[in-house]
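Side-chain atoms are counted along with the backbone in the values below, which use heavy atoms only and exclude waters and symmetry mates.
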2 protein chains.
Amino acid sequence: MTAARDLQLDTACPDTRALVEHVTSKWGVLVLLALRDRTMRWSELKREIAGVSEKMLIQSLQTLEADGLVLRTARPVVPPHVDYSLTDAGHEAVDLLAPLVFWAQQQVQG
Amino acid sequence: MTAARDLQLDTACPDTRALVEHVTSKWGVLVLLALRDRTMRWSELKREIAGVSEKMLIQSLQTLEADGLVLRTARPVVPPHVDYSLTDAGHEAVDLLAPLVFWAQQQVQG
DNA sequence: TGGGGTACCCACCTCGGGGTGAGTAGCATC
DNA sequence: GATGCTACTCACCCCGAGGTGGGTACCCCA
């Protein structure tokens, strides 16, 4: 178990900060949770995640893809067909993230 | 285990979102980790958490106190003496948060 | 001929997280 | 008399997350 002090200092690292911010961002959380148990198309995600704007959905997906957490698979057909799924790292992230979100939910409701 | 879909919808709840944002915010993370294994004075936190501005440290502490994660104990002496520690809920939060931060760190360094 | 569906891009705006710097009370020390 | 320490408050600024609304290529179907 790493000492708390070690974590503190390292957290000042901007890259670690950025990754934590991405996975805990407003729409990032919802995208990761939505993709947790199955691959989804872009339009499915848009429908599933209530209230997300097209811009933010695209931006979130692109960020998570760049972080290596989400896999984008485009089929060059008409009309366009694009699938999104979690990578192994994405599954690791969501497995660590979900308990935190669940806990926060309990706190608020309690 | 709650289904992913249930979590998704509930996460849209602004209060849950706010709490997750507080504990995963730039300085919120560092404050929680710093207080993980001991009570600290304000000046100690300021020294321990490199680069934090006074304003943001105070703001983070006030937010976490309002969320019931941090306990503030002021002694009316001169010069002022204020202790900060984690509540039970604060310990729960940091125990869920630390693995996520640690994982992010590994991802970045790998 | 034109309207619709998919998966985007682009320009613009707002609002709040985060940063900088100055001020403050009361005593202690020089 | 002045300066310093602690734990703040207050005023102002900047930038980026997030939102809004329009455009676009391509083909299909009516």
Side-chain angles (χ1 to χ4, degrees), chain A residues 11-32 34-35 39-67 69-85, chain B residues 11-32 34-35 39-67 69-85:
Chain A
T11 305
C13 167
D15 294 338
T16 303
R17 263 265 82 231
L19 187 52
V20 172
E21 263 178 14
H22 295 169
V23 303
T24 64
S25 70
K26 180 170 179 180
W27 303 113
V29 176
L30 299 178
V31 166
L32 290 173
L35 292 177
T39 293
M40 291 181 88
R41 296 186 53 179
W42 190 82
S43 52
E44 278 182 298
L45 283 168
K46 183 164 141 60
R47 242 175 292 123
E48 188 82 0
I49 302 174
V52 69
S53 66
E54 298 191 345
K55 174 194 160 189
M56 289 316 296
L57 181 54
I58 291 165
Q59 202 174 92
S60 301
L61 286 167
Q62 287 174 344
T63 301
L64 294 174
E65 191 195 358
D67 288 337
L69 306 183
V70 159
L71 184 66
R72 193 189 103 109
T73 314
R75 268 177 242 164
V77 293
V78 172
H81 186 113
V82 182
D83 287 320
Y84 289 96
S85 58
Chain B
T11 305
C13 167
D15 295 338
T16 303
R17 264 265 82 231
L19 186 52
V20 172
E21 263 177 16
H22 295 168
V23 302
T24 64
S25 70
K26 179 170 180 179
W27 303 113
V29 176
L30 299 179
V31 167
L32 290 173
L35 293 177
T39 292
M40 291 180 88
R41 295 186 54 179
W42 190 82
S43 51
E44 278 182 298
L45 283 168
K46 183 162 140 59
R47 242 176 292 123
E48 188 83 0
I49 302 175
V52 69
S53 67
E54 298 191 345
K55 175 194 160 189
M56 289 316 297
L57 180 54
I58 290 164
Q59 202 175 90
S60 301
L61 286 167
Q62 287 175 342
T63 302
L64 295 174
E65 191 194 358
D67 288 337
L69 305 183
V70 159
L71 184 67
R72 194 189 103 110
T73 315
R75 267 177 242 163
V77 294
V78 172
H81 186 114
V82 182
D83 286 321
Y84 289 96
S85 58

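Remark: A:Leu19 CG to A:Cys13 SG distance equals 10.0 Å, nearest 0.5 Å.
A:Thr63 is linked by a side chain to side chain contact (heavy atoms under 4.5 Å, CB included) to A:His22, A:Asp67, counting only residues two or more places apart in sequence or in another chain. For A:Arg41, the side chain to side chain donor-acceptor pair (under 3.5 Å) partners at least two apart in sequence or on another chain are A:His81. For B:Lys55, there are no salt bridge (Lys or Arg N to Asp or Glu O under 4.0 Å) partners two or more places apart in sequence or in a different chain. Among residues two or more places apart in sequence or in another chain, the salt bridge (Lys or Arg N to Asp or Glu O under 4.0 Å) test is passed with B:Glu44 by B:Arg38. Listed by chain and number, the residues in a salt bridge (Lys or Arg N to Asp or Glu O under 4.0 Å) with A:Glu54 are A:Lys46 (sequence neighbours excluded). When the side chain to side chain donor-acceptor pair (under 3.5 Å) test is applied to A:Glu21, the partners found at least two apart in sequence or on another chain are A:Arg17. The side chain to side chain contact (heavy atoms under 4.5 Å, CB included) test applied to B:Ala74 returns B:Arg72, B:Val82, not counting sequence neighbours. Listed by chain and number, the residues in a side chain to side chain contact (heavy atoms under 4.5 Å, CB included) with B:Leu61 are B:Val31, B:Trp42, B:Leu45, B:Leu57, B:Val70, B:Tyr84 (sequence neighbours excluded).
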A correct 5'-to-3' footprint of nucleotides 6-13 of chain D, with B, S and - meaning base, sugar-phosphate only and no protein heavy atom under 4.0 Å, is BBBB-B--
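Sequence order on DNA chain D of the closest nucleotides to A:Val78 and A:Glu21 puts A:Glu21 first from the 5' end.
Running 5' to 3' along DNA chain C, contacts with non-hydrogen atoms of chain B at under 4.0 Å begin and end at C:dG18 to C:dC27.
Sorted by first and then second residue, the salt bridge (charged side-chain N to carboxylate O under 4.0 Å, His left out) pairs involving residues 75-84 of chain B (not counting sequence neighbours) are B:Arg75-B:Asp83.
The rotation axes computed at either terminus of the helix from C:dT1-D:dA30 to C:dC30-D:dG1 lie 30° apart, taking five pairs at each end and rounding to 10 degrees.
One finds no side-chain N or O of A:Trp27 lying less than 4.0 angstrom from the OP1 or OP2 phosphate oxygen of D:dA17.
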